[in-house]
Number of protein chains: 2
Amino acid sequence: MSKSKKVTIYEVAKRAEVAISTVSRVLNGSENVSKATKEKVEKAIQELNFRPQVSARKLASKEPQMLAIAVPSFTTPYFNEVLKGVKDEIKKMDLDIIMYNTGSKDPEEGVQNFFDRGTADAVILLSINLSPKVHELIQATQTPAVLVNSSHPSYNYFMLNDYQGGYLAGEHLVKQGFQRLGMITSILETSTSKERIRGFKDALKNYKMEIDKELFMSGDTTKHGGYTEEAGFEAIYKYEKQGKFPDAIFCSNDTMAVGALYALSKLGMDVPEDIAVMGYDNIKLSKYLELTTIDQKMYTIGVQATKRLAEIITKPDDQLYQTTINPVLVQRGSTENKK
Amino acid sequence: MSKSKKVTIYEVAKRAEVAISTVSRVLNGSENVSKATKEKVEKAIQELNFRPQVSARKLASKEPQMLAIAVPSFTTPYFNEVLKGVKDEIKKMDLDIIMYNTGSKDPEEGVQNFFDRGTADAVILLSINLSPKVHELIQATQTPAVLVNSSHPSYNYFMLNDYQGGYLAGEHLVKQGFQRLGMITSILETSTSKERIRGFKDALKNYKMEIDKELFMSGDTTKHGGYTEEAGFEAIYKYEKQGKFPDAIFCSNDTMAVGALYALSKLGMDVPEDIAVMGYDNIKLSKYLELTTIDQKMYTIGVQATKRLAEIITKPDDQLYQTTINPVLVQRGSTENKK
DNA sequence: TTGTAAGCGTTATCAC
DNA sequence: GTGATAACGCTTACAA
């Protein structure tokens with residue numbers, strides 16, 4: 001790695017025989033540059049292989065350059081969906097996006113670290129709980145922020161309606177005519193998990209169905225918030241052990257559903273003939289599993305969050321968009337009642 | 001969002017009744033500051049909630065501040081493993097790491113974009129093929145780089161020995177006494193895929209085993225490089241259709257193995273009684289699947305790559321570390337020959 | 001249309 | 001120890 005000095009705007013100016021301001025104009029696509037000089041400058045830039053230095057640029061211009069999206073974990077199932085939406089939307093702006101993983105052990109510390117660095121000019125916080133400390137930090141750094149899947153009175157946010165999702169699931173299974181409804185839940189009591197359970201139970205109540213505690217099961221593993229294939233697998237074996245199965249199961253999450261399906265298949269039980277299974281979020285083996293699921297429309301949320309962030313950046317207003325997105329039911333083969 | 005002006009080092013200096021250079025000294029932990037003034041300054045920093053601006057800092061200091069890791073896709077199975085290693089190692093340095101997703105459609109363009117921005121002072125390129133264009137870009141921007149899972153004569157890199165992994169897999173299955181060895185491969189001919197196949201076949205050749213083309217199968221889906229559960233699932237059904245199964249299958253990847261296992265279980269076939277199954281990389285359902293697999297030791301690679309990058313940054317040498325890491329076999333229940 | 005020069009918020013090099 | 005002050009590489013009025 002040879003140590004050739006970094007080329008600056010000055011060298012370009014000298015080579016093109018113009019002033020640095022002219023180079024800057026060309027760089028920023030100003031209209032007030034004659035075609036001839038523009039070409040001269042571009043040639044010089046080419047020849048010297050010059051690229052403007054972001055930090056200098058940022059320091060001088062104050063324009064936001066760097067957008068960031070922070071998540072506790074990249075393995076979060078819906079993260080990639082949101083990200084797609086964000087990326088598609090961001091292409092329209094001349095910004096770059098940077099992914100930041102706060103770490104799921106101590107997200108708060110991660111976020112703090114992130115803001116302390118001050119590298120991002122605007123940020124989307126995904127599934128990150130806004131503690132007072134972090135809130136203060138955001139205020140202090142004046143970083144425009146939009147929350148996704150968390151809420152706070154003084155921020156723009158897009159919340160997922162987990163309660164509604166749970167309700168939809170319960171309602172669907174009831175309407176399909178299943179009688180003994182159960183749920184495979186995460187062992188960890190996250191608000192997400194609790195809301196889905198609450199919605200599900202409320203649906204059963206509304207339809208005067210029995211709520212049998214023995215049909216509510218969770219795995220024992222806690223990793224990834226308890227939303228793993230393993231957990232789903234475990235839960236099924238716990239049903240087996242107790243000798244009492246529901247006739248329809250709503251899994252708190254698709255990943256768990258995959259594990260559950262595998263376990264059921266090992267036990268020789270067929271879906272949906274012997275037991276119906278529902279998931280939540282995106283589905284992995286969609287083509288073969290044909291899993292009925294609740295779609296959170298995370299892609300759309302990514303798009304919306306990014307749009308809003310762009311608005312805040314370009315023309316700040318003091319409005320707060322605090323939206324709750326309602327999920328929809330996507331019915332597939334796994335919950336057809338064939339009895 | 002109130003618009004309080006950003007607080008600078010000047011305000012801190014004024015409040016603490018010192019010069020900005022003194023504030024800077026405190027900021028950078030210089031020893032030449034009396035305890036008294038140090039405390040004054042720190043108090044002012046606290047009270048004003050001041051944080052130094054990275055871009056200004058970078059401009060003035062020339063010290064590297066931002067490390068980046070770029071990948072074509074965050075869903076790459078081993079990515080998180082590498083990342084863990086990187087993170088653990090980076091804690092020891094006072095750097096921040098940023099994740100950059102080049103996009104798997106056109107990684108080259110993504111990387112270019114990334115370097116054009118010039119936000120990173122040093123970078124780890126994960127599974128990114130170094131085209132001449134990108135190479136030129138890296139040279140032009142003088143960015144220290146370390147490659148993981150790709151190689152180039154003029155860079156430090158850590159390559160995975162996919163050939164060796166394939167060979168180990170083949171050898172293992174032969175030694176277990178299986179006779180009809182097959183493989184589920186990605187439909188896309190990536191170099192990774194080809195190498196694993198080549199290694200596998202060479203092992204069979206060396207042990208004078210027959211190579212039956214009909215036992216080499218791939219799914220039809222191409223998404224995620226053909227390394228999906230779906231692909232594994234499809235492949236099993238293609239065996240079924242052709243009416244001829246191997247007695248042991250090596251899957252090019254663990255994700256495919258999961259799909260294959262599910263399909264097998266649907267078809268009422270037991271592992272390893274009826275058919276043995278091997279994976280590659282990390283395993284998801286480990287606890288229940290007990291899948292024999294090839295471990296690439298991606299965590300270690302993450303650590304090593306980061307260490308090397310740190311070296312290049314702090315005291316540049318002109319040595320090139322071009323290492324090939326050999327994978328190891330991890331035997332679990334799925335390939336026990338019980339016949 | 002182009003050039004001059006004043007910042008942007010730090011660090012670093014001097015003096016004192 | 002501490003304080004001026006010159007960089008750092010760029011943008012952006014303001015002049016010309």
Side-chain angles (χ1 to χ4, degrees), chain A residues 4-42 44-45 48-66 94 116-119 121 140-143, chain B residues 4-42 44-45 48-66 94 116-119 121 140-143:
Chain A
S4 71
K5 215 171 155 271
K6 257 186 187 161
V7 22
T8 74
I9 203 172
Y10 287 94
E11 278 115 70
V12 177
K14 189 183 258 176
R15 177 147 197 150
E17 298 176 305
V18 294
I20 61 161
S21 45
T22 302
V23 177
S24 178
R25 281 183 202 108
V26 173
L27 245 35
N28 295 290
S30 161
E31 305 206 327
N32 306 324
V33 187
S34 77
K35 209 175 171 188
T37 48
K38 189 182 172 189
E39 276 163 7
K40 265 199 304 183
V41 172
E42 275 168 349
I45 290 179
L48 294 170
N49 211 330
F50 162 80
R51 18 205 114 238
Q53 218 161 287
V54 198
S55 35
R57 212 166 197 175
K58 220 165 132 174
L59 187 56
S61 74
K62 328 250 17 157
E63 291 260 303
Q65 315 254 353
M66 181 80 66
D94 187 32
D116 266 339
R117 290 284 176 179
T119 27
D121 305 306
T141 55
Q142 295 279 311
T143 314
Chain B
S4 69
K5 214 170 158 271
K6 256 184 188 162
V7 23
T8 74
I9 202 171
Y10 286 93
E11 278 116 71
V12 178
K14 188 183 259 174
R15 178 149 199 149
E17 298 175 306
V18 294
I20 61 161
S21 40
T22 302
V23 178
S24 180
R25 280 185 201 106
V26 174
L27 245 35
N28 297 289
S30 161
E31 305 207 326
N32 305 324
V33 187
S34 75
K35 208 175 171 188
T37 49
K38 189 182 171 190
E39 276 164 7
K40 265 198 304 182
V41 171
E42 275 168 349
I45 290 179
L48 293 170
N49 210 329
F50 161 79
R51 19 205 113 240
Q53 218 160 286
V54 197
S55 36
R57 209 164 199 176
K58 221 165 132 178
L59 185 57
S61 75
K62 329 248 17 155
E63 292 259 307
Q65 314 255 352
M66 179 79 65
D94 187 32
D116 267 340
R117 291 282 178 180
T119 26
D121 304 307
T141 55
Q142 296 277 314
T143 313

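The structure presented is a predicted model; accordingly, all values stated were derived computationally and were not measured. Per chain, numbering begins at 1; letters A, B, ... match sequence-line order.
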### Query
How about B:Val12 and B:Arg15: do any of their side-chain heavy atoms sit closer than 4.5 Å?
no
## Note on the structure
Nearest heavy-atom approach of A:Ala16 to A:Ala44 is CB-CB, 4.0 Å
### Message
With each end axis built from five pairs of C1' atoms, what bend angle do you get for the helix from C:dT1-D:dA16 to C:dC16-D:dG1? Round to 10°.
### Response
40°
### Query
Which heavy atom in B:Pro52 sits nearest to a heavy atom in B:Arg57, and how many Å separate them?
CG-NH1, 3.2 Å
### Query
Are the side chains of A:Leu27 and A:Phe50 in touch, meaning some heavy atoms are under 4.5 Å apart?
yes
### Message
I need a per-nucleotide contact map over nucleotides 2-7 of chain D, read 5' to 3'. Cutoff is protein heavy atoms under 4.0 Å; write B for the base, S for backbone only, - otherwise.
### Response
BBB---
### Message
How many whole angstroms separate atom CG of B:Leu59 from atom P of D:dT11?
### Response
12 Å
#### Entry: Straight-line distance of A:Ile20 CD1 to A:Arg25 CZ, nearest 0.5 Å
10.0 Å
### Task
Measure the distance from CZ on A:Arg57 to C1' on D:dC8 and round it to the nearest whole Å.
16 Å
### Task
Measure the distance from CD on A:Gln53 to P on C:dT10 and round it to the nearest whole Å.
17 Å
### Message
Regarding A:Ser24, tell me which of base, sugar-phosphate or nothing describes its non-hydrogen contacts under 4.0 Å with the strands shown.
### Response
base
### Query
Expressed in angstrom and rounded to an integer, what is the separation of A:Leu27 atom CG from D:dC10 atom C1'?
9 Å
### Query
Of the non-hydrogen atoms in B:Glu11 and B:Val7, which two are nearest, and what is the gap between them?
OE1-CA, 3.2 Å
### Query
Which heavy-atom pair separates B:Glu17 from B:Lys40 by the least distance, and what is that distance?
O-NZ, 4.1 Å
### Query
Rounding to a whole Å, what distance do you find between A:Ile9:CD1 and C:dA5:C1'?
14 Å
### Query
CG of A:Leu48 versus P of D:dG9: gap in Å, rounded?
14 Å
### Message
Is it the case that the side chain of B:Glu39 and the backbone of B:Ala36 share a donor-acceptor pair, with hydrogens and angles ignored and the cut-off at 3.5 Å?
### Response
no
### Message
I need the B:Glu42 CD to B:Thr37 OG1 distance, nearest 0.5 Å.
### Response
9.5 Å
### Query
Roughly, in whole Å, what's the span from NZ in B:Lys58 to C1' in C:dA12?
19 Å
